[in-house]
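A short write-up of the structure that comes next.
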Amino acid sequence: MNMQQAIKMTAAETALVDAYTAQIGDLPGDGAVLSLRDTLVHELKTAGLPTRRVESWHYTDLRTLLRAVPSADPSAFADRVDPIVAGSTVLSVRNGEADLKSLPEGITSRSYTESLLDGSAAAGLAVLGSDDAIGRINGGLVRGGLEIAVGEGVELEAPLEIQVAQSHGQAHTRFPVSFGAGSKATVLERHLSTNGDASFVSSVSDVTLAEGADVIWIILQQQGPADTHLGQIRFVLGKNAKLHVFVINAGGRLVRQELHGRASGEGADLTLRGINLLGGESHTDVTFTLSHDVPHTTSSEIIRNVVFDRAKGVFQGKILVAQDAQKTDAKMSCNTLLLSDDADFSAKPELEIFADDVQCGHGATVIDIDHTQLFYLLSRGIPEKKARAMLVNAFVAEIVEELEDDEALVEALEGVISAWLEKHA
C-alpha cells in the first residue's frame, strides 16, 4: 500500500497557511471562489513550496530561500506616490486596497474584490500547472486589485500607471486587463515599497489583446531591500496584436517575475525587453514562456543583466512552436555583465519546435566590463567609479531607448536606472 507522507512545513510555509486561516472568514469570495481558495491552500500545505527538484524552480529553491514571511497587517498603510511620468492616469492599490478614480473615456475599471464576491473571478484563479507556486499563493490569499477594460479603438494619449504600493506585511493583488480591438495604450505596472520594513508581495496580471491591439506594458519593480516579490503576468495575443513588454527589476531581496504568454492569432507579435539590476545579496529570477500556436507569428526577447556584490540572478526562457505554427520567427538572447567574483548568474534559454518552416534562435553571454573601454575613459580623467557606471549604463540604456516615442517615459526610466547605479556601481 502506498501512503504519501505529509511534509514538515517550513516557517514560511506555516506563515502562509496561518495567514489564510486567520483571514478565512474575511477573505472576499462567493462559494466557488472560497472552495478554490481552500484547494489552493491545501495544495500548498501538502506539497510545500517548490525546491530545486522542480525543473522550473531549479535555480530558485523557494523552499530554502524564503525563510520567513511577515504577518498580514490589516492596519498597514502605504503613502501616496507621485506617478513616474507627470500627467499619467494613476490607478493605485495600496496595501492591497484599490483606490478607484475617474478614468479617460473608453476605459472602465472596478475593484477586483467585486469580481471575487460575485464569483466572476473564479475561472481566472486557476493555476497554470503543478509548479505554479505564485498562482497558488496569490489565488489562495488575494484580497484586491483592479479589473480594467480598454474599449475597442481607444487610444490613450497618456500612460496608465497601475501603482502597487506596500508599506509592510503582506499584499496579494490581481489585475485582469483587456484591450479591445484596435486599441492602443502604454501601461506601467509599478511595484514599490514605501517603508523599510519587510513585505511579502504576490501579484498576478492577466492581459488579453484583441485583434489589432497595440500595447506597451512596463513592469517596474522597486521593492525594498528586505522585501519578497512574486510576480506573474499571463498574456494572450489575438490576430495582428502587438505587445511590447519591458521588465525592470531594481529592488527586492527575493524576486521571481514570471511571464507566460500565447500568440494565438496570426500576425501576433511579442517584444520582450528586460533589465535586471542586482546588488547586495539579492536573488532575482525572471522566468519566461511563450507558445506560438498559429502560423505567421513573431517574437523577440532581449534580457540585459547587471550583477554586483554577492547577488544571484536567473533567466529561464522557453519558446514553444506548435506543429501548425509555420513561418514562426522567434529570437531570444540574454546578456549579462558579471561585475563581482562573488556574483552569480544562471541563464537557460530553450526552444521546443514542432514545426519545420521557422526561423528561431537563442543565445546567452556573460562578460565583464571591457577594460579597453574602461582605460579609454580613465585616460580622459574620468574617475574609475564614474567610468564604470557610464559603461554599465550604456549596456542597458539601449533597451530603454526603444521607447523613443515617449521621451518623458524614457527619461523617467533612465533616471531610475541611473539612481540605482549610483548607489551600487
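These numbers come from the heavy atoms of this one structure, side chains and all, not from hydrogens, waters or symmetry mates.
Enclosure of atom CG in Asp341 is not indicated, since only 12 or fewer non-hydrogen atoms of other residues, nucleotides or ligands lie within 6.0 angstrom.
Put simply, the side chain of Ser300 reaches to within 4.5 Å of the side chain of Arg273, judged on heavy atoms. Counting heavy atoms from C-beta outward, Leu209 and Phe235 have side chains that stay 4.5 Å or more apart. Side-chain contact between Leu337 and Phe345: absent, with no pair of heavy atoms (C-beta onward) separated by less than 4.5 Å. Within the 4.5 Å cutoff, no side-chain heavy atoms of Phe175 are placed close to those of Leu91. Side-chain contact check for Tyr20 versus Leu44: every heavy-atom pair is 4.5 Å or farther apart. Taking the side chain as every heavy atom from C-beta outward, Arg94 and Gln163 never approach each other to under 4.5 Å. When side chains are defined from C-beta on, Thr186 does not count as touching Leu156, because their heavy atoms never get closer than 4.5 Å. Side-chain contact between Leu259 and Thr289 is absent, with no heavy atoms from C-beta onward closer than 4.5 Å.
Listed here is the closest heavy atom pair of His172 and Ser202: ND1-OG, 2.7 Å. Looking at every heavy atom in both residues, Leu34 comes nearest to Pro28 through CD2-O, 4.4 Å. Of all the heavy atoms in Gln23 and Ala72, the pair that sits closest is NE2-CB, 4.1 Å. Between Thr297 and Gly265 the shortest heavy-atom distance is CG2-O, 3.5 Å. Residue Glu161 comes nearest to Asp82 through the heavy atom pair OE2-O, 4.5 Å, listed as atom of the first residue, atom of the second, then distance. Pairing each heavy atom of Gly140 with each of Leu40, the nearest pair is N-CD1, 3.8 Å.
Ser282 places no side-chain N or O within donor-acceptor distance of the main-chain N or O of Leu278, the cut-off being under 3.5 Å. Counting only distance, with no hydrogens or angles, the side chain of Ser264 and the backbone of Leu237 share a donor-acceptor pair below 3.5 Å. Of the possible polar contacts, one joining the His424 side chain to the Trp420 backbone as a donor-acceptor pair under 3.5 Å is found. A donor-acceptor pair is defined here as one N or O able to donate and one able to accept, closer than 3.5 Å; no such pair exists between the side chain of Asp324 and the backbone of Asp293. Proximity of a side-chain donor or acceptor of Glu301 to a complementary backbone N or O of Gly317 within less than 3.5 Å is not detected. Between the side chain of Glu13 and the backbone N or O of Leu49, at least one donor-acceptor pair lies under 3.5 Å. Between the side chain of Asp227 and the backbone N or O of Ser199 there is at least one donor-acceptor pair closer than 3.5 Å. Formation of a donor-acceptor pair under 3.5 Å by the Asp309 side chain with backbone atoms of Ala311 is not found in this model. Of the possible donor and acceptor atoms, none in the side chain of Arg67 sits under 3.5 Å from a partner among the backbone N and O of Thr10. Here the side chain of Glu411 pairs no donor or acceptor atom with the backbone of Glu407 at under 3.5 angstrom.
Considering SG of Cys360 and CD1 of Ile353, their distance stands at 4.0 Å, rounded to 0.5 Å. With values rounded to the nearest 0.5 angstrom, Ser299 atom OG is found 6.0 Å from Phe288 atom CZ. Once rounded to the nearest 0.5 Å, the distance linking CG of Asp206 with CG of Leu125 reads 9.0 Å. Atom CD1 of Ile369 is separated from atom OG1 of Thr372 by 12.5 Å, given to the nearest 0.5 angstrom. Note that NZ of Lys312 is 12.0 Å distant from OG1 of Thr284, once rounded to the nearest 0.5 Å. Annotation: the span from Asp406 atom CG to Ile218 atom CD1 amounts to 8.0 Å, rounded to 0.5 Å.
Geometrically, Arg304 engages Phe395 in a cation-pi contact, judged by NZ or CZ lying under 6.0 Å from the ring centre and within 45° of the ring axis. Remark: Arg256 qualifies as a cation-pi partner of Trp57 under the 6.0 Å distance and 45° angle criteria applied to the six-membered ring.
The pair Lys348-Glu55 counts as a salt bridge, with a side-chain nitrogen and a carboxylate oxygen less than 4.0 angstrom apart.
Note on residues 229-252: pairs passing side-chain hydrogen bond (donor to acceptor under 3.5 Å, both in side chains), not counting sequence neighbours, are Asp132-Gln232, Asp132-Arg234, Gln221-Asn249, Gln223-His229, Gln232-Arg234, Gln232-Glu258, Asn249-Asn276.
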>> Between Arg63 and Asp61, does the salt bridge (charged side-chain N to carboxylate O under 4.0 Å, His left out) criterion hold? Intermediate values first, please.
In response: CA-CA 6 Å; Arg63 195 162 195 257; Asp61 189 331; over 6 Å; no
> Do Val177 and Val187 pass the side chain to side chain contact (heavy atoms under 4.5 Å, CB included) test, and can you show the C-alpha distance, the side-chain angles, and the key distance before you say yes or no?
Replying inline: CA-CA 10 Å; Val177 184; Val187 179; 5.7 Å; no
> After noting the C-alpha distance and the side-chain angles of Ile148 and Ile162, does the key distance pass the side chain to side chain contact (heavy atoms under 4.5 Å, CB included) rule?
Replying inline: CA-CA 10 Å; Ile148 303 169; Ile162 302 173; 3.8 Å; yes
> When you look at Val307 and Asp344, which way does the side chain to side chain contact (heavy atoms under 4.5 Å, CB included) test go after all the steps?
Replying inline: CA-CA 7 Å; Val307 194; Asp344 182 89; over 6 Å; no
> For Leu339 and Asp368, what are the C-alpha separation, side-chain angles and deciding distance, and is it a side chain to side chain contact (heavy atoms under 4.5 Å, CB included)?
Replying inline: CA-CA 6 Å; Leu339 301 175; Asp368 195 352; 3.3 Å; yes
Which atom pairs, one a donor and one an acceptor, fall under 3.5 Å between side chains of residues 376-388 and the rest of the protein, sequence neighbours left out?
| unit_1 | atom_1 | unit_2 | atom_2 | d |
| --- | --- | --- | --- | --- |
| Ser379 | OG | Phe375 | O | 3.3 |
| Ser379 | OG | Tyr376 | O | 2.7 |

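With Val306 as the partner, the side chain to side chain contact (heavy atoms under 4.5 Å, CB included) test is satisfied by one option alone out of Asn393, Val396, Leu338, Thr336: Val396. For the side chain to side chain contact (heavy atoms under 4.5 Å, CB included) with Gln170, the qualifying choice from Val201, Ile137, Leu141 is Leu141, the only one to do so.
Residues passing the salt bridge (charged side-chain N to carboxylate O under 4.0 Å, His left out) test with Glu352 are Lys318, sequence neighbours excluded.
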